[in-house]
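Every chain is numbered from 1 and lettered A, B, ... according to where its sequence line falls, protein lines coming before strand lines.
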2 protein chains.
Amino acid sequence: MARALAKKVETSTMLLEAAKKVLRQNGHSGLSTRDVAAAAGVPLSQIHYHFGSKQGLMLALFDYLNAQLLDRQNAMFHDATLSLSQRWDRACDYLDEDIASGYVRVLQELIAASWSDPEVAKVVRSGLMSWLELIAEVARQADKELDGLGPFSAGEVAALVSSAFIGAESLYLLGAEKKGGPVRQSLRRVGDAIRMAEGKSSKR
Amino acid sequence: MARALAKKVETSTMLLEAAKKVLRQNGHSGLSTRDVAAAAGVPLSQIHYHFGSKQGLMLALFDYLNAQLLDRQNAMFHDATLSLSQRWDRACDYLDEDIASGYVRVLQELIAASWSDPEVAKVVRSGLMSWLELIAEVARQADKELDGLGPFSAGEVAALVSSAFIGAESLYLLGAEKKGGPVRQSLRRVGDAIRMAEGKSSKR
DNA sequence: GCATAATTCGGTCGACCGACCGAATACCTA
DNA sequence: TAGGTATTCGGTCGGTCGACCGAATTATGC
């Protein structure tokens, strides 16, 4: 049983990695279960055996990816040695990494898929709400360390930051950056703004 | 000839409106040319007659919609009687309208479609770059009226604002707002922040 | 080593898609 | 009204998709 279970997990992972690869290359509308099975080097029927359906595969893929990223972000945000602006810079570094690795494309495709599929939406939404909460936590900390958050609540800051990152990813994928839209650069600048606020803060 | 041309334009418009409707209901992956033709009440072959292909229909649809929205936004931004914060509030009003009318869904679907289709990307990108330029213009004005834009250039502000709106739309479609993510509310708050800056500005 | 369950495999089925075609019709010109 | 062109129409073709099935293979417990 032990070896069989290991093999089962291995095949599942192969399929998830293959799905990630195909999704990155072809997008959600161009993803067929046949392509995924071929990329994973396993028969087509394995997908339905392991995940029940194409939708089941998508849901499992989101969980698989989001868990990894959320862990990473959580660790970084709880590193007490980093200042707020340093955390922002790190988040921008992560964005660059995730674009390069293709994570961004995959996650954006899953978000887009969820607009048409309530089941997927449920999973993706709950995954992204974890991000909102994580960012809100940092915002609450910023509220203490700096001179407040202006007219914004911590939750509103989190929503704004999330929107900006999600939107920036979308625009990057569109190719806006190559046509003179300083998308990632403008996110980096926010780090400068935070640094200015840190310098001026009366609480340090 | 005059009547034939009028009829031709009319049928084209019917098809574009039908495509908008289907896209809003089913998303891009769920859009079939048959559904569009049925919704428009015209035969399937009309789509290929008027637009050559499904892709041609999508491209024409984007031009059709973006031209409308850009005109509206352009008129509002050039209304000299409005203050910066009032313009921001108006932009938020427009967002609410466009969500209600389904424009947001359609445009987001087209953006997502462009991730997989370089031809569509080219058209969508150039359409969105017009927005960037429009917003940058307003940002330049803000740079004069307020006490500068902090560490941001006008282009960077435009990129940031665009990202935030695009991302907010995406998150709204996902249903984040119903699960406690104050997406549109946080955008409205930016108007409050601008009002605060207007009040403090030394140049008024 | 034998019986049983878990897993893998190739193959196929019905549904749906975009694209295309040639006939039929409506329209304008003269 | 006659002739020619622009448009509309029903129908079909090749191809791909997700889903499913039953046999074959492998691993496990006794």
Can you list the residues that meet the side chain to side chain contact (heavy atoms under 4.5 Å, CB included) rule with B:E169, with sequence neighbours excluded? B:L95, B:V104, B:Q108

Check: residues 33-45 of chain A side-chain donor-acceptor pairs under 3.5 Å, at least two apart:
{"residue": "A:D35", "atom": "OD2", "partner": "A:S32", "partner atom": "OG", "Å": "3.4"}

Residue-phosphate contact under 4.0 Å: B:H50 side-chain N/O, D:dT8 OP1/OP2: yes

Heavy-atom closest pair (B:L187 atom, B:W88 atom, distance to 0.1 Å) is O-NE1, 2.7 Å

Roughly, in whole Å, what's the span from OH in A:Y49 to P in D:dA23? 18 Å

In this structure, how many angstroms lie between the P atom of D:dC17 and the CD atom of A:Q55, rounded? 19 Å

Using the side chain to side chain donor-acceptor pair (under 3.5 Å) criterion, which residues pair with B:W131? Sequence neighbours excluded. B:N66

What residues in residues 22-35 of chain A put a non-hydrogen atom under 4.0 Å from any atom of DNA chain D? A:L31, A:S32, A:T33, A:R34

Between D:dA6, C:dT8, D:dC20, which one does the side chain of A:H48 approach most closely? D:dC20

Taking only residues two or more places apart in sequence or in another chain, which ones pass side chain to side chain donor-acceptor pair (under 3.5 Å) with A:D93? A:R188

Using a heavy-atom distance cut-off of less than 4.0 Å, which residues of residues 36-47 of chain A contact DNA chain C? A:P43, A:S45, A:Q46

Nearest-Å distance for atom pair CG/P, residues A:L15 and D:dG18: 14 Å

Taking atom C1' of C:dC17 as reference, at what distance in whole Å does atom NZ of B:K54 sit? 8 Å

Listed partners of A:E97 passing side chain to side chain donor-acceptor pair (under 3.5 Å), at least two apart: none

Determine all donor-acceptor pairs shorter than 3.5 Å in which one atom belongs to a side chain in residues 118-127 of chain A; sequence neighbours excluded.
{"residue": "A:R125", "atom": "NH1", "partner": "B:L174", "partner atom": "O", "Å": "3.0"}
{"residue": "A:S126", "atom": "OG", "partner": "A:V123", "partner atom": "O", "Å": "3.4"}

Write down the distance between CE (A:M58) and P (D:dA19), rounded to a whole number of angstrom. 11 Å

B:Q86: what forms a side chain to side chain donor-acceptor pair (under 3.5 Å) with it, not counting sequence neighbours? B:S83

